[in-house]
2 protein chains.
Amino acid sequence: MRPLTHPSIEDITVEGILHALSDPVRAAIYAQLACAERANTCSAFLQVEDRSIPKSTLSQHFRALREAGLVRSERHGVEMLNTTRCGEIEQRFPGLLPAILKAHSIQSAGRPKPSRRKAAAKPKAG
Amino acid sequence: MRPLTHPSIEDITVEGILHALSDPVRAAIYAQLACAERANTCSAFLQVEDRSIPKSTLSQHFRALREAGLVRSERHGVEMLNTTRCGEIEQRFPGLLPAILKAHSIQSAGRPKPSRRKAAAKPKAG
DNA sequence: TTCTTTAGTTCGTATGTTTCGAACTATGGG
DNA sequence: CCCATAGTTCGAAACATACGAACTAAAGAA
């Protein structure tokens, strides 16, 4: 088992950040971590946005967030504690993460509820 | 041949935007369109960031940008004219696109030249 | 109209990425 | 040592992407 690598701040790329956050599950995880008071375990996210995420998939999502430089993970006993690296990233790319988080919150505010509805088709696409 | 569909503004998603711009070629195209005075054709981007993009690949990239709602494409005679929809998107997600473009420009400013160098490995990844 | 050129799209295939269950590793407690 | 808990890795199926070959669409020339 390889020992959890984190990119150093200058190896973090915009493309990597955008790709990591372009997945709705990872975006939700990151948003929740970003406004959390203290570190969260992985399994705190087995339920995200009203759907169940299998443990192995969740592990891949955390790896993606780690390798994009968005979160830092540390083993504490039997569990992993995850925190965002938003301070560092704010220094390198000022305003980027706040803008993305804000856009996400605008988007979820515009949707009535996380119930199953089919996005109402696209009426006028011209 | 299907007749070029554009999503209406309320169907544009943050995930879609981030995914579209997480590709370096599309990000470069978008950045160039964003600061262009007038509309650009597709083939203006057959050379992007010192590499050649095949025509068919370029066509897919433009489709991705269109379907994410980032650009609007119109046929003018034999060519396609592309413009960004940044005004609309600024209304829906204020600050998002400027922050991403700024981050991209910070990133390219930090890189010495677009010559082939292997990113100098990762020294301290802990 | 038909031929030709230019600009972009679609198709097919090879290659890469993502998902998820099964099996595994790592740590702490009895 | 044995067991439980928390995460990781493996492997196969499903999905996405890249690009050459073949195509369509518009405009101009003959």
Side-chain angles (χ1 to χ4, degrees), chain A residues 1-6 13 15-30 33 38-49 51-68 70-83 125, chain B residues 1-6 13 15-30 32-33 38-68 70-83 125:
Chain A
M1 237 171 216
R2 47 179 100 103
L4 289 193
T5 69
H6 297 84
T13 66
E15 290 88 349
I17 290 174
L18 299 190
H19 179 249
L21 295 180
S22 72
D23 180 280
V25 171
R26 288 194 293 261
I29 291 173
Y30 186 80
L33 281 178
R38 56 194 121 278
N40 281 250
T41 64
C42 295
S43 49
F45 298 93
L46 283 167
Q47 284 281 128
V48 159
E49 296 205 315
R51 52 196 228 86
S52 279
I53 312 294
K55 225 165 46 138
S56 59
T57 304
L58 200 57
S59 177
Q60 306 283 20
H61 282 317
F62 271 97
R63 186 156 76 97
L65 289 169
R66 243 188 340 262
E67 294 185 348
L70 284 164
V71 312
R72 190 177 290 285
S73 313
E74 287 180 86
R75 253 216 136 124
H76 272 243
V78 78
E79 54 191 20
M80 299 267 305
L81 295 185
N82 302 281
T83 48
Chain B
M1 239 172 215
R2 46 177 101 103
L4 289 195
T5 69
H6 296 84
T13 66
E15 289 88 350
I17 291 174
L18 298 190
H19 180 247
L21 296 181
S22 71
D23 180 281
V25 172
R26 288 193 294 261
I29 291 173
Y30 185 80
Q32 219 166 302
L33 281 178
R38 56 195 122 276
N40 281 250
T41 63
C42 294
S43 49
F45 299 93
L46 283 167
Q47 285 280 130
V48 160
E49 298 206 313
D50 286 308
R51 51 197 229 84
S52 279
I53 312 294
K55 222 165 48 139
S56 61
T57 303
L58 200 56
S59 178
Q60 306 284 17
H61 282 317
F62 270 96
R63 187 157 75 95
L65 289 169
R66 248 194 328 269
E67 295 186 346
L70 284 165
V71 313
R72 190 177 291 285
S73 313
E74 288 180 85
R75 238 192 171 181
H76 272 243
V78 78
E79 53 191 21
M80 298 267 305
L81 294 186
N82 302 282
T83 47

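Just so we're on the same page: letters track the sequence lines, and every chain starts at 1.
Atom NE2 of B:H76 and atom P of D:dA27 are 11 Å apart (whole Å). Here the P atom of nucleotide D:dT17 and the CG atom of B:L65 are 12 Å apart, to the nearest Å. Rounded to a whole Å, the CE atom of B:M80 is 14 Å from the C1' atom of C:dT10. If you measure from atom CG of B:N40 to atom C1' of C:dA7, you get 15 Å, rounded to the nearest angstrom. What separates CZ of A:R75 from C1' of C:dT25 is a distance of 8 Å, to the nearest Å. Taking atom CG on B:L4 and atom P on D:dA25, their separation rounds to 12 Å, with Å as the unit. To the nearest angstrom, C1' of C:dA7 lies 11 Å from CG of B:L81. Computed from coordinates, the B:D23 CG to C:dG16 C1' distance equals 14 Å when rounded to whole Å.
Using a 4.0 Å heavy-atom distance criterion, B:H19 is classed as a sugar-phosphate-only contact. At the heavy-atom level, A:M1 lies under 4.0 Å from base atoms of the strands shown. Residue-level contact check: B:R66 touches the backbone only, with heavy atoms under 4.0 Å from sugar-phosphate atoms and none from bases.
With distances taken from any side-chain atom of B:Q60 to the nucleotides D:dA6, D:dC19, D:dT17, the minimum falls on D:dC19. Here D:dT9 is the nucleotide among D:dA18, C:dG8, D:dT9 with the atom lying nearest to any side-chain atom of A:R2. When distances are taken from the side chain of B:V78 to each of D:dT8, C:dT9, D:dA26, the shortest belongs to D:dA26.
At a threshold of 4.5 Å between non-hydrogen side-chain atoms, the residues A:R63 and A:S73 do not count as touching. Contact annotation: the side chain of A:F62 approaches that of A:I29 to within less than 4.5 Å [non-hydrogen atoms, C-beta and beyond]. Residues A:F45 and A:I53 are not in side-chain contact: their nearest non-hydrogen atoms beyond the backbone lie 4.5 Å or more apart. Contact annotation: the side chain of A:H19 approaches that of A:R26 to within less than 4.5 Å [non-hydrogen atoms, C-beta and beyond]. Between B:L81 and B:N40, the closest side-chain pair of non-hydrogen atoms is not below 4.5 Å.
Of the residues in residues 52-59 of chain B, B:K55, B:S56, B:S59 come within less than 4.0 Å of DNA chain C through at least one heavy atom, sorted by number.
The shortest distance between the side-chain N/O atoms of B:H61 and the OP1/OP2 oxygens of D:dC19 is not below 4.0 Å.
Here the CG atom belonging to B:L4 is positioned 8.0 Å from the CZ atom belonging to B:R75, to the nearest 0.5 angstrom. Within the model, atoms OG1 of B:T13 and CG of B:L18 stand 8.0 Å from one another, a figure rounded to the nearest 0.5 Å.
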